[in-house]
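Worksheet: the structure to be examined is printed underneath.
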There are 2 protein chains.
Amino acid sequence: MGATKTDHFTDKQNQIAIIAKALGHPARIAIIEYLLKVNSCICGDIVNELPLAQPTVSQHLKELKNAGLIKGNIEGNAICYCIDEKTFDVLKDYFSNIILTVTNQKCC
Amino acid sequence: MGATKTDHFTDKQNQIAIIAKALGHPARIAIIEYLLKVNSCICGDIVNELPLAQPTVSQHLKELKNAGLIKGNIEGNAICYCIDEKTFDVLKDYFSNIILTVTNQKCC
DNA sequence: ATTTATTATCGTAATATTGCAATATAAAAA
DNA sequence: TTTTTATATTGCAATATTACGATAATAAAT
């Protein structure tokens, strides 16, 4: 045990869970917010913005990239990172639908 | 090591991360979707809907409750669970803001 | 060619999560 | 009161995550 029983759930359920999980750490939220603040691709800098060692930040960036939340473009000896909008759209749509459905509930 | 460095991030960043983390498991997404499908408080039933043992489901429900995503009302010897809308509103607003900011980006 | 700067990977320790059997708890039903 | 039903808690094994030092990889600068 210890491993998530991915097989038993739908692709959509797993997709949303993977994206949400990637955002389930304050360092990764801080990375997303920093990319939004500078409002452009950013090369370097990210490590200096966070209270974590370089390998740790690199690992968090990798997870955000795997979840499709950010994109990384090689630019010389640095890598430019930026928000990958379409994955955030998936999340926003998903939660908007939840809100729409739930406001019609009459209970509790 | 191994523990998240919560102290170094803002309250808002930690709040969003905690909510996202709670949604970062397909079983918990499935629970939310089931509560939406029945569109009311539901007593019992949840365990039968999921491919997991009762203690495991109970644990997932507890995590969703801790994150403020669901509410549980005692009703006789059963407990009625339902969506806690306001926490989903927090998430929807957060992601809507991200989408609004990011669409103005010109790069990558 | 060597140094410098930037990012990734490896290895590893500490901690957290997932899942379940066994058991506990609490209220309704018999 | 005993049984049944519904949910929670405990304890534990398996696995995953977090964090970082050391090191590798890569390309620019000297």
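Lettering follows sequence order; numbering is per chain, from 1.
- A pairwise comparison of heavy atoms in Leu50(A) and Ala30(A) identifies CD2-CB, 3.7 Å as the closest pair.
- For His25(B) and dT17(D), the NE2 to C1' distance is 14 Å, given to the nearest whole Å.
- Counted within 6.0 Å of CG on Asp11(A), heavy atoms from surrounding residues, nucleotides or ligands total 12 or fewer; the atom is thus considered open.
- Note: CG (Asn73(B)) to P (dA8(D)) measures 12 Å, nearest angstrom.
- Closest heavy-atom contact between Lys21(B) and Arg28(B): O-NH2, 3.5 Å.
- Contact annotation: His60(B) side-chain N/O to dT17(C) OP1/OP2 distance is not under 4.0 Å.
- Residues satisfying the side-chain hydrogen bond (donor to acceptor under 3.5 Å, both in side chains) test with Thr6(B), not counting sequence neighbours, are none.
- Between the CD1 atom of Ile31(A) and the C1' atom of dA19(D) there is a distance of 13 Å, rounded to whole Å.
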Output one line per pair: protein atom, nucleotide atom from nucleotides 6-9 of chain C, and distance, for all N/O pairs under 3.5 Å.
unit_1, atom_1, unit_2, atom_2, d
dT7(C), OP1, Gly44(A), N, 2.7
dA8(C), OP1, Tyr81(A), OH, 2.7
dA8(C), OP2, Ser58(A), OG, 2.8
dA8(C), N7, Gln54(A), NE2, 2.7
dA8(C), N6, Gln54(A), OE1, 2.9

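- Relative to the axis of its first five pairs, the axis of the last five pairs of the helix from dA1(C)-dT30(D) to dA30(C)-dT1(D) sits at 10°, rounded to 10 degrees.
- A distance of 10.0 Å separates NZ in Lys12(B) from CD1 in Ile29(A), rounded to the nearest 0.5 Å.
- The only option from Ile70(B), Ile83(B), Thr87(B), Ile19(B) that meets the side chain to side chain contact (heavy atoms under 4.5 Å, CB included) definition with Leu64(B) turns out to be Ile70(B).
- In this structure, the separation between OG on Ser58(A) and CG on Leu52(A) is 12.0 Å, given to the nearest 0.5 Å.
- Rounded to whole angstrom, the span from the CG atom of Leu64(A) across to the C1' atom of dT17(D) amounts to 14 Å.
- Checking Thr6(B) against Thr4(A), the closest nucleotide of DNA chain D that is more toward the 5' end is the one next to Thr4(A).
- With distances taken from any side-chain atom of Ala3(B) to the nucleotides dA19(D), dT15(C), dT18(D), the minimum falls on dT15(C).
- At least one side-chain nitrogen or oxygen of Lys21(B) sits closer than 4.0 Å to the OP1 or OP2 atom of dT17(C).
- Atoms NZ (Lys5(A)) and C1' (dT15(D)) sit 14 Å apart, rounded to a whole Å.
- Nearest heavy atom pair, residue Pro51(A) against residue Lys5(B), reads O-NZ, 4.0 Å.
- A side chain to side chain contact (heavy atoms under 4.5 Å, CB included) with Leu69(B) is found for one member of Asp84(B), Leu23(B), Ile31(B) and no other, namely Leu23(B).
- Straight-line distance from the CZ atom of Arg28(A) to the P atom of dT18(D): 4 Å, rounded to whole Å.
- Across all strands, Leu52(B) comes closer than 4.0 Å only to sugar-phosphate atoms, never to a base (heavy-atom distances).
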